[in-house]
There are 4 protein chains.
Amino acid sequence: MVRKVVPEQHESKRQEILAAAHRCFLRNGLQGASISMICKEAGMSPGHLYHYFPSKEAIVEQMADDYLVQLHGHFGRHTKDEPTATVLLSELWSMSGWDDLAHCRILFELLAEAGRNEKIHAILQANTDGIRQLLADTLKAGQARGEVDPGLDPRHASAVLVAVLDAAPMLPLMTSDVDFDESRKLITMMIDRFLRPQPL
Amino acid sequence: MVRKVVPEQHESKRQEILAAAHRCFLRNGLQGASISMICKEAGMSPGHLYHYFPSKEAIVEQMADDYLVQLHGHFGRHTKDEPTATVLLSELWSMSGWDDLAHCRILFELLAEAGRNEKIHAILQANTDGIRQLLADTLKAGQARGEVDPGLDPRHASAVLVAVLDAAPMLPLMTSDVDFDESRKLITMMIDRFLRPQPL
Amino acid sequence: MVRKVVPEQHESKRQEILAAAHRCFLRNGLQGASISMICKEAGMSPGHLYHYFPSKEAIVEQMADDYLVQLHGHFGRHTKDEPTATVLLSELWSMSGWDDLAHCRILFELLAEAGRNEKIHAILQANTDGIRQLLADTLKAGQARGEVDPGLDPRHASAVLVAVLDAAPMLPLMTSDVDFDESRKLITMMIDRFLRPQPL
Amino acid sequence: MVRKVVPEQHESKRQEILAAAHRCFLRNGLQGASISMICKEAGMSPGHLYHYFPSKEAIVEQMADDYLVQLHGHFGRHTKDEPTATVLLSELWSMSGWDDLAHCRILFELLAEAGRNEKIHAILQANTDGIRQLLADTLKAGQARGEVDPGLDPRHASAVLVAVLDAAPMLPLMTSDVDFDESRKLITMMIDRFLRPQPL
DNA sequence: TATGAATGAGGGTTCATTCAT
DNA sequence: GATGAATGAACCCTCATTCAT
């Protein structure tokens, strides 16, 4: 009777820590952000933080998983019967500007880390496999409806699509003279032309 | 005059250090690779290393610049008269497999770093501006020859092209069931369809 | 509420560190004493020491302030109605020998440091201003009582007096054949003759 | 025949190094000034510098000796027949302002160092013994002429005089509101009153 | 729950010095 | 006489983590 809300409290504290960690990782990188920074950001003592996570590694992994789930969550909210493009580009179109993209920079931290950390690599692949399945299904539905080039292999095409969509956050880092809406329009156009059934 | 090959020796030592640093950065990340690791990799004492570079920061910056110059060097070796696709995809086609791409992983370190390190950001932008200029010129030549959709804005299209080409190293990190040649083929196809003059 | 004596413990640890640092600084100089020496002297790990002070600089500054406050603390314990000489020379007469003076050697570290470190300079001046105020008041009271030459400007005279009193620790460093009591007697005599109302 | 000016060249190089070292020591302290700083200041490689001095220690010692000899050199240029005060205060009166005194700050470095470095201690004592001898002779002459209180012991008084004169550089470090000429006047007055034959 | 004291290895960097040229 | 390459110990400081309270 004394403890009942505890499990929920526990979970909400974990979320607070993960959010604080995410901000620190954005500011300083996965390796550059220290536990003590995260503690400060979360308003928490190190002893207490270790009550919720067994190690920094665990925080990174959980954060990576949560981030990827949320990043690719847009695809899951569509039905197979919506127009193909609407679904495939939903992530990109849900963003409102470079600020949102800048926030995605953490993806590059994860890609860099995945190259040398097997756990992060596995998390990245598992998440990618998830949306690729959704994308492939969407593509198949599109092919059935005649909206998508039937010559494309759905599995391979889905991989390329994920890579292209995840590459969008590169643009503000690499260029200073390209505006967001124009970029979005071009990427959309590129994917549209890629998928569209080809004339003989 | 005692001097002989001294300046060349100095430069070649710098290159050795940069190569050792590059290997360490690939293995452990920009932040995770320590000076002492780089020293060990380069067979050199820390005091000596600091004879050649004033700080770790300087090593990272020099390495970043060198890497980007070399990465995008393929484009510079073409003339405007070659077929458009040959030039645009020369980087991708010059690679022989995932191993080469894996080696490009350092790009993600740089992208992550660029978000919080103004110097690296500037290096990245300066290099990107360089190849974008080349790509844009190639696109214009292609448009003049009727190989490229005249409706595309060369500056914007070049930005998207750079992002897509640099996104290629994501694939081996994100997937396990896609083979290199198939990926290359698909990306090539996508860009081809993107650029090709569109039927009415 | 788990808290008990925690804040006092914190302060007492700080004092321990400052005392250890003072000993190390005496033995090796402000620059020559290393953090690891201070840690060893204080029986403490470096990580822990930095829990109490943010930098070596901060330790030096705090030590300097504490030392000067204590060094000049003798003057504050007198009332204006005591004989002038008793007050002015109380610091000197409170010492029992060269050992006490040797302990004051740290003053020379501070004087040397003050020439190139603005913070230490400010600490030194602030402390000096403090006792000069007390000395000047004592001199004025002495002048009112007819014990001190009314022709002396109290502010200027106070500066000279501080310098002379603080110069006392020079003697054991510079000479080997002068004994403590004799020196004290001579300095006392000099100041006495300096202040005494002059015959026409 | 080939080498004849070499010894003089050698000596002049040593002087250049010592001058450069002196400037560095003033800026950064005896411990804070590094060999490489001194090399830069002297426009010289470390290997070359070690051709002239066997160690940093040796540079410090030589610099200390040279500095003290020059500092106290004023006394030696007087004859015993000049008025006592002229001789005793010649050092102080030869200075033209706080800048000259600021330059004397290195004395505090030496005093601090003397407390923990036997060699520097010995140099300091030897130099002090030297001028004390001169001062004592001057005092004796003054006593013979009736200008100096015959009750003062020349050896002890000379020690106090050296300390007082060497304390002068403290004033600009400790105060900000005392001007140079006034200070000089007061110190002169104090010493005058100290030495003057006392009325019955 | 929650704190912050405590560790000691390791971070990037500088040091005085030596030595081949 | 003169250079600067080379060393490795030591510099100040931060790290992830543990533990008593």
Side-chain angles (χ1 to χ4, degrees), chain A residues 3 6 9-10 13 31-39 43-60, chain B residues 1-7 9-10 13 31-39 42-60, chain C residues 1-7 9-10 13 31-39 42-60, chain D residues 3 6 9-10 13 31-39 43-60:
Chain A
R3 310 214 168 191
V6 166
Q9 271 182 16
H10 190 86
K13 276 275 179 194
Q31 298 167 320
S34 72
I35 288 286
S36 82
M37 286 175 58
I38 296 172
C39 287
M44 192 174 267
S45 66
H48 198 27
L49 185 143
Y50 274 84
H51 189 74
Y52 293 95
F53 290 93
S55 66
K56 182 183 172 183
E57 211 190 341
I59 296 176
V60 172
Chain B
M1 285 305 166
V2 191
R3 299 266 179 78
K4 264 188 312 192
V5 271
V6 169
Q9 270 182 20
H10 189 88
K13 275 278 177 191
Q31 299 169 324
S34 73
I35 287 286
S36 82
M37 288 176 58
I38 297 173
C39 287
M44 191 173 265
S45 65
H48 197 25
L49 183 143
Y50 276 85
H51 194 71
Y52 294 94
F53 290 93
S55 64
K56 182 183 173 184
E57 208 190 343
I59 297 177
V60 171
Chain C
M1 286 302 167
V2 191
R3 299 265 180 79
K4 266 189 310 190
V5 272
V6 169
Q9 268 182 21
H10 190 88
K13 275 279 177 191
Q31 300 169 322
S34 72
I35 288 286
S36 83
M37 287 175 58
I38 297 173
C39 286
M44 191 173 265
S45 66
H48 198 24
L49 183 143
Y50 277 85
H51 195 71
Y52 294 95
F53 290 93
S55 65
K56 183 182 171 184
E57 209 189 344
I59 297 177
V60 171
Chain D
R3 310 215 170 189
V6 168
Q9 270 181 15
H10 190 86
K13 277 276 180 195
Q31 298 167 319
S34 72
I35 288 285
S36 82
M37 286 175 60
I38 296 172
C39 287
M44 191 172 268
S45 66
H48 199 27
L49 184 143
Y50 274 84
H51 188 76
Y52 293 95
F53 290 94
S55 66
K56 182 182 172 183
E57 211 190 341
I59 297 177
V60 171

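Chain letters run A, B, ... following the sequence lines, proteins first, then strands; residues in each count from 1.
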From CD1 of B/I35 across to P of E/dC15 the rounded distance in Å is 16 Å
Rounded to the nearest 0.5 Å, the CD1 atom of A/I38 sits from the CG atom of A/L49 at a distance of 7.0 Å
Rounded to whole Å, CD of C/Q9 lies from P of F/dT21 at a distance of 10 Å
Dot-bracket for DNA chain F, 5' to 3', Watson-Crick and G-U pairs with both distances under 3.5 Å, [ ] for crossing pairs, | for partner on another strand, reads .||||||||||||||||||||
Atom NE2 of B/H10 and atom P of F/dG4 are separated, to the nearest Å, by 10 Å
In terms of heavy-atom contacts, A/H10 and A/H51 come closest through CE1-O, 4.2 Å
Expected list for residues 43-50 of chain A near DNA chain E, using heavy atoms below 4.0 Å, is A/S45, A/P46, A/G47, A/H48
Residues 49-59 of chain C vs salt bridge (Lys or Arg N to Asp or Glu O under 4.0 Å), sequence neighbours excluded, gives C/E57-C/K119
When rounded to whole Å, the NZ to P distance for the pair A/K56 and E/dG10 reads 16 Å
Here the distance between atom P of F/dA2 and atom NE2 of D/H51, to the nearest Å, is 8 Å
Which part of the nucleic acid, if any, lies within reach of D/A58 when heavy atoms closer than 4.0 Å are counted: base, sugar-phosphate only, or nothing? nothing
To the nearest angstrom, the CD-P distance between C/Q31 and F/dC12 comes to 10 Å
Winner on side-chain proximity to D/S36, out of E/dT1, E/dT13, E/dC15, is E/dC15
Atom CD1 of A/I38 and atom P of F/dT14 are separated, to the nearest Å, by 17 Å
Just checking B/F53: base, sugar-phosphate only, or nothing, at a heavy-atom cut-off of under 4.0 Å? nothing
Sorted by position of nearest nucleotide on DNA chain E, 5' first, the leading residue of A/Y52 and B/M37 is A/Y52
All heavy atoms of C/P46 vs all of C/C39, minimum pair found to be CA-SG, 3.4 Å
Atom CD of C/E57 and atom P of F/dC11 are separated, to the nearest Å, by 18 Å
Exercise for review: Would you please confirm or rule out a distance under 4.0 Å between OP1 or OP2 of F/dC15 and any side-chain N or O of A/S34?
Suggested key: yes
